[in-house]
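Read through the structure below, which is laid out as structure tokens, and then see the notes.
So that the names make sense, note that chain A is the first sequence line, chain B the second, and so on, each numbered from 1. Heavy-atom basis, side chains included; hydrogens, waters and symmetry copies ignored. Source: prediction; values computed, not measured.
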Amino acid sequence: MTGGTPVAGETLPGAGDEGDDAPDRVVCHVDMDCFYASCERLRHDDLDGEPVVVGMGYEPGESIGAVATASYEAREFGVESAMPVSEALALLPRRADADPDDPDAPDPEETGRYVPVDLDFYEDVAAEVKAVLRDCADTRREVSIDEAYLDVTDRTSWAAAGGGGNPADGDDDPADPPPSGAAGPAEARTLAEGYARHVKDRIEREAGVPASVGVAPNMSAAKVASDADKPDGLVVVPPGSVAEFLAPLPTADVHGVGPVTEETLSELGIDTAGDLAAADRDRLADALGERGPELSRRAAGDDDREVTPTGLPKSLSRESALPTTADESTKRETVSALAADVARRARERGCLYRTIGIKAVEPPFDVNTRARSLPGPVDDPDLVEEVALDLLAEFDDARVRKLGVRVSKLDFAETDQATLGGFDAGGGDGGDGRDREAAPEARGGPDGGKLTDWVDGPPDRGDGDGPTGGRDRRDADEGQATLGDWD
DNA sequence: TCTGGGGTCCTAGGACCC
DNA sequence: TCTGGGGTCCTAGGACCC
């Protein structure tokens, strides 16, 4: 099986195996290990080696909130992300509650340190991480505060480290190196692995926090690889080994398979990524919609998405839990505060919005959303509040445990967009569904327009109704760089 | 145990237009 | 006038991710 003798340069342009002579990409997925807890350790030495729980909505001494991040030591006690702090405390009591002299108090050895989330600080640390990533890769997609994809194809390659040859030339040649952890026989190591280690080491050295890195020829495999050996992992999956690497993993390890999909797949007799890859895709489509076949392709190691920069946000929202209440003024005050905050953030980010919505969660966990679209994009905090309160009226008698406000159909119009012109007074859009620009009076607010009418619901749904015409106003959502997938 | 908060994408049904 | 199809937008809900 290892008798193949790959020869560099043997693959001629145009002779690629998949109708594409581009070299295999080298994609890294960088995933910070229990990032919030690592950040806390960065500034509090005494947390080193201790079970650390970072709680969202948590306040010292209280048992409210949920676990945002648990350190690996805390996970040993069963503490998990998204768990209510009260439940985490049952598994892992607070250190402050330990008392060696009190037989009823917890053993200090079996307690943990609880700290509230401090997002501002974590963002400062994340900025240092990003600076390293920027230095290491021109093509990046930052997925969240603690996670990013890098396309480093132009910085390194799948060639064997320390020698000539090209063991990973992109085909399914059995001579290609197998998936490897950081260790492995030197002859199996690739330049890509060395580069990934370099990135990982620089993050640790320059930002002071540990990361796990996965390296593979595509994004989804790199993502799974970074998860495969956490924390502090480095897992390399060379071209030709992707399917073999993924096959034994449970379906839940495939990005995009959550609890519901896992259960659906299980009912179909599909338990591993290998099963999923081999499953009949029409059958998957029947059970899961278009997502099904796509998950199957990912499970098979087939993913040609480009690493593209994160686009502008598509919505902004704020929500907050509250003690379950039916009290109308409490609900209205909460929504007003959330609306003000969302509107402020939108303004800070220089974006207009065209849809305003609310969320009302009734116990036990009944999520209701309501939304109303405006005739044109606005930046109008008063209108956000008015519309949100109006939508809330439907829930005047409801008991709610959580309320939220959201703006969407965002428009990051630059000031120079105002010079585009092209709006027509006639109200029509010429029939091609494309307007160049919103009616100007719809931009700044309700003045001169009829936006306030919308507080009480859409006015006349007639077409081409005067100043509010213009449905699609832009040729494309430029700058969005959407992938059409679920990253 | 009374399950954070911030997002993304997909789907389905209805309205409406051509 | 009847019938029908295609396309887009809107709203609501759901699954998933970090």
Problem - Distance (rounded to the nearest 0.5 Å) between A/N368 CG and A/E394 CD - result: 7.5 Å
Handout entry: Under 4.0 angstrom between A/K359 side-chain N/O and C/dA12 OP1 or OP2
Key = no
Handout entry: Side chains of A/R401 and A/T324, donor plus acceptor under 3.5 Å
Key = no
Exercise for the section: Please state how far atom CD in A/E142 lies from atom P in B/dG6, giving the value in whole angstrom units. Expected result: 21 Å
Practice task
Take the angle between the ring planes of A/Y36 and A/Y122 and call it parallel below 30°, perpendicular above 60°, tilted in between.
Solution key: parallel
Problem - Spacing of A/K223 atom NZ relative to B/dT8 atom C1', expressed in whole Å - result: 14 Å
Exercise for the section: Using a 4.0 Å heavy-atom cut-off across all strands, classify A/V117 as base, sugar-phosphate, or nothing. Expected result: nothing
Problem - N or O in side chain of A/S317 less than 4.0 angstrom from B/dG6 OP1/OP2 - result: no
Practice task
Sticking with atom C1', work out how far B/dT3 lies from C/dC16, rounded to a whole angstrom.
Solution key: 16 Å
Exercise for the section: Would you kindly give the CD-to-P distance between A/E319 and B/dG7, to the nearest whole Å? Expected result: 9 Å
Practice task
Considering just the side-chain nitrogens and oxygens of A/R370, establish if one lies under 4.0 Å of OP1 or OP2 belonging to C/dG13.
Solution key: yes
Practice task
Let me know the distance between OH of A/Y58 and P of B/dG5, rounded to the nearest Å.
Solution key: 16 Å
Practice task
Name the nucleic acid region contacted by A/T324, choosing base, sugar-phosphate or nothing; use a 4.0 angstrom heavy-atom cut-off, strictly under.
Solution key: nothing
Exercise for the section: Between B/dT3, B/dG5, B/dG7, spot the one nearest the side chain of A/S315, thanks. Expected result: B/dG7
Problem - Flag, side chain of A/R95 to backbone of A/T111, donor-acceptor distance under 3.5 Å - result: yes
Handout entry: Spacing of A/E123 atom CD relative to B/dG6 atom C1', expressed in whole Å
Key = 12 Å
Handout entry: Heavy-atom side-chain proximity of A/R291 to A/L288 below 4.5 angstrom
Key = yes
Completion exercise
DNA chain B nearest-nucleotide lookup for A/A82 and A/R406: closer to the 5′ end is A/A82
Exercise for the section: State whether A/R318 places a side-chain N or O below 4.0 Å from either non-bridging phosphate oxygen (OP1 or OP2) of B/dG7. Expected result: no
Problem - Conformer about C1'-N of C/dG4 - syn within 90° of 0, anti elsewhere - result: anti
Exercise for the section: Starting from the 5' end of DNA chain B, give me the residue, A/V67 or A/R345, whose nearest nucleotide shows up first. Expected result: A/V67
Practice task
Considering just the side-chain nitrogens and oxygens of A/T261, establish if one lies under 4.0 Å of OP1 or OP2 belonging to C/dC16.
Solution key: yes
Handout entry: Sugar-phosphate only, base, or nothing, as touched by A/P323 at under 4.0 Å among non-hydrogen atoms
Key = nothing
Exercise for the section: List the atom of A/D379, the atom of A/L352, and the distance in Å for their closest heavy-atom pair. Expected result: CB-CD2, 3.5 Å
Exercise for the section: Rounded off to whole Å, could you give me the CG-to-P distance for the A/D120 and B/dG6 pair? Expected result: 14 Å
Exercise for the section: Remember a base hit wins even if backbone is also touched, and classify A/L316 as base, sugar-phosphate or nothing at under 4.0 Å, heavy atoms. Expected result: sugar-phosphate
Handout entry: Below 4.0 Å: OP1/OP2 of C/dT11 and any side-chain N or O of A/R372
Key = no
Problem - Phosphate OP1/OP2 of C/dC9 contacted by A/S373 side-chain N/O (<4.0 Å) - result: no
Practice task
Nearest whole angstrom, please: distance from the P of B/dG4 to the CE of A/M56.
Solution key: 10 Å
Exercise for the section: Would you kindly give the CG-to-C1' distance between A/L119 and C/dC18, to the nearest whole Å? Expected result: 12 Å
Completion exercise
Across every strand shown, the nucleotide meeting Watson-Crick or G-U wobble geometry with C/dT11 (both distances under 3.5 Å) is B/dA12
